[in-house]
Amino acid sequence: MQTTTKHWDTYQDQAVTEYAIENDNGVKLAVLSWGATLHALCVPTDKGDKNLVLSYHKMAHYLDNPFYVCMGIGRTGGRITRGTFPLNGTTYNVDTNEGRNTLHGGPHGFNTVNWAGELDASDPAIAKIVLTHTFKSSEDSYPGDLTAKMTYTLDNHDEVTLTFEANSTDTTLFNPTSHCYFNLSDDQLISGQTLQVNSTEHLDLDDEKLPTGKMVANAGTPFDFAKGQNLGQAIRGMQAIPEKGFDDVYHVTPAADDTIAKLTDPQSNRSLTIKSDRNALVVFTANSFTSNMKLAAGAGQPYMGVALEPQTLPDSPNHPEFGDITLPAGKTQRYQIKYDITY
């Protein structure tokens with residue numbers, strides 16, 4: 001294992017640090033302190049390293065668009081209707097940032113701050129990037145001051161583990177995720193890749209992409225990825241709707257080993273298996289990417305990547321049947337996302 005730390009950029013007069021790990025197989029993981037952003041997940045090829053995630057060259061470029069490219073998401077992934085939810089008999093109103101609603105933790109979420117970080121390479125077979133930050137209720141409007149930790153781990157089996165931990169001074173909500181966009185191929189678009197999702201239904205969403213509380217069956221529709229489906233074909237099947245692609249929440253059933261999805265590129269034989277013990281996966285095929293996005297892979301365009309975001313079903317305080325994301329005061333909650341890479 002090799003580890004490096006370097007000054008990567010300066011944003012809002014703060015130093016942005018890149019923490020990087022390279023395992024014994026030549027797989028590289030790099031994370032930025034701002035937004036706990038997964039900046040690179042590279043595998044070796046005969047033409048050099050291939051970054052499996054979308055990235056930018058500057059911090060400002062990560063933040064000058066609404067797409068949360070590969071950034072940490074919290075306190076709550078997804079939307080909260082009108083920024084309002086009941087908790088322990090009290091109705092709370094948190095800051096909104098998407099019209100009348102709160103998206104991905106609101107305007108002061110995990111992606112908006114510069115986390116403190118350190119590298120842990122004490123174990124020769126595994127290395128960790130540990131990021132911490134305290135989100136004060138007075139700043140992000142959620143109840144309680146939340147002390148959060150995000151740990152990225154890379155081992156010599158080419159498995160990346162992202163661990164979220166948090167505790168709060170008062171009972172609050174905690175439903176974090178990673179808004180990571182993947183493109184496993186050597187092409188600019190994802191149309192040749194295959195996605196499989198352990199799901200038979202997805203959330204019914206209204207015009208504001210808020211859950212109605214109902215589920216819609218996937219079978220017999222372009223939403224059906226249960227046995228694996230070519231993403232280009234699936235996207236073509238969605239051209240009749242305004243979204244012209246996917247921005248949807250799948251109700252997933254983890255397998256015995258917690259696998260919930262697998263992305264494969266048949267041409268390069270690269271694959272990514274995603275493991276989570278939570279009940280949802282957001283699939284977003286970058287339908288609305290625009291040409292002013294200065295991505296490292298080139299100017300933004302639709303379908304450059306697919307965001308795969310494991311979490312608990314969103315807006316669950318307003319739909320208790322979706323799951324419980326309550327974090328009681330003084331308790332530490334822990335969630336994990338694992339990425340198994342083959343290449």
Side-chain angles (χ1 to χ4, degrees), residues 35 37-38 41 52-56 62 65-74 76-80 97-98 101-105 109-111 162 175-185 188-191 193-199 201-211 216 218 221-225 229-239 241-252 260-263 272 274 276 278-290 293 295 297 300-315 337 339:
T37 301
L38 179 54
L41 179 55
L52 305 181
V53 302
L54 300 188
S55 65
Y56 287 98
Y62 275 101
N65 63 79
F67 297 110
Y68 300 87
V69 173
C70 295
M71 306 187 89
I73 298 297
T76 51
R79 293 170 176 83
I80 296 178
N97 62 328
E98 189 186 57
N101 306 307
T102 300
L103 175 64
H104 293 330
F110 283 13
N111 66 298
L162 173 52
N175 186 20
T177 188
S178 172
H179 209 300
C180 204
Y181 291 81
F182 298 98
N183 184 341
L184 308 187
S185 78
Q188 271 208 320
L189 305 182
I190 57 171
S191 52
Q193 292 163 67
T194 299
L195 178 64
Q196 186 273 328
V197 182
N198 291 3
S199 173
E201 59 186 6
H202 62 279
L203 287 187
D204 181 48
L205 303 175
D206 68 13
D207 291 343
E208 295 180 87
K209 297 192 176 300
L210 301 171
V216 181
N218 300 332
T221 76
F223 290 91
D224 191 358
F225 291 97
Q229 183 180 184
N230 170 266
L231 277 169
Q233 178 181 342
I235 290 167
R236 288 192 292 273
M238 301 287 282
Q239 292 301 299
I241 66 169
E243 188 70 40
K244 298 188 182 305
F246 295 87
D247 187 6
D248 291 280
V249 186
Y250 282 81
H251 183 204
V252 297
I260 60 169
K262 185 173 184 178
L263 182 66
L272 180 87
I274 300 178
S276 164
R278 291 189 281 170
N279 66 359
L281 179 72
V282 176
V283 176
F284 175 50
T285 48
N287 321 308
S288 43
F289 271 23
T290 54
M293 298 171 65
L295 290 156
Q301 57 180 308
Y303 321 125
M304 286 186 77
V306 56
L308 301 170
E309 310 157 50
Q311 60 178 86
T312 302
L313 288 165
D315 206 21
I337 301 170
Y339 305 105

**Q** Just jot down the ring pair (Phe, Tyr, Trp, His ring centres under 6.0 Å) partners of Phe182, sequence neighbours excluded, or say none.
**A** Tyr339
**Q** Run the numbers on Ile274 and Leu272 for side chain to side chain contact (heavy atoms under 4.5 Å, CB included), then give the verdict.
**A** CA-CA 6 Å; Ile274 300 178; Leu272 180 87; 4.1 Å; yes
**Q** Just by distance, do the side chain of Gln239 and the backbone of Lys244 share a donor-acceptor pair under 3.5 Å?
**A** yes
**Q** By ring pair (Phe, Tyr, Trp, His ring centres under 6.0 Å), which residues pair with Phe67, not counting sequence neighbours?
**A** Phe289
**Q** Would you please say whether a donor-acceptor pair under 3.5 Å links the side chains of Thr290 and Asn65?
**A** no
**Q** With a 3.5 Å distance limit and no angle check, can you tell me whether Thr177 reaches the backbone of Pro310 through a side-chain donor-acceptor pair?
**A** yes
**Q** Do Ser185 and Asn183 have side-chain N/O donor and acceptor atoms under 3.5 Å apart?
**A** yes
**Q** I'd like to know if the side chain of Ser199 reaches the main chain of His251, judged simply by a donor and an acceptor atom lying under 3.5 Å from each other, with no hydrogens or angles considered.
**A** yes
**Q** Can you sort out the partners of Asp207 under side-chain contact (heavy atoms from CB on, under 4.5 Å), two or more places apart, ordered by chain and number?
**A** none
**Q** Any sub-3.5 Å donor-acceptor pair from His104's side-chain atoms to Gly78's backbone N or O?
**A** yes
**Q** Measure from the side-chain N and O atoms of Gln229 to the backbone N and O of Asp224, and report whether any donor-acceptor pair falls under 3.5 Å.
**A** yes
**Q** Does Ser191 offer a backbone N or O that forms a donor-acceptor pair with the side chain of Asn230 under 3.5 Å?
**A** yes
**Q** Checking Asp247 against Phe284 for the side chain to side chain contact (heavy atoms under 4.5 Å, CB included) test, could you report, in this order, the C-alpha distance in whole Å, the side-chain angles of both residues, the deciding distance, and whether it holds?
**A** CA-CA 4 Å; Asp247 187 6; Phe284 175 50; 3.6 Å; yes
**Q** Measure from the side-chain N and O atoms of Gln188 to the backbone N and O of Ala297, and report whether any donor-acceptor pair falls under 3.5 Å.
**A** yes
**Q** What pairs with Ser55 under side-chain hydrogen bond (donor to acceptor under 3.5 Å, both in side chains), at least two apart in sequence or on another chain?
**A** none
**Q** Tell me whether Asn198 contacts the main-chain N or O of Val252 through its side chain, where contact means a donor paired with an acceptor under 3.5 Å.
**A** no
**Q** For Met304 and Ile190: C-alpha separation, side-chain torsions, deciding distance, then whether side chain to side chain contact (heavy atoms under 4.5 Å, CB included) applies.
**A** CA-CA 6 Å; Met304 286 186 77; Ile190 57 171; over 6 Å; no
**Q** Under the rule for side-chain hydrogen bond (donor to acceptor under 3.5 Å, both in side chains), what residues qualify as partners of Asp315, not counting sequence neighbours?
**A** Thr81, Asn318
**Q** For Phe246, enumerate each residue passing the ring pair (Phe, Tyr, Trp, His ring centres under 6.0 Å) test, keeping only those at least two apart in sequence or located in another chain.
**A** Phe223, Phe225
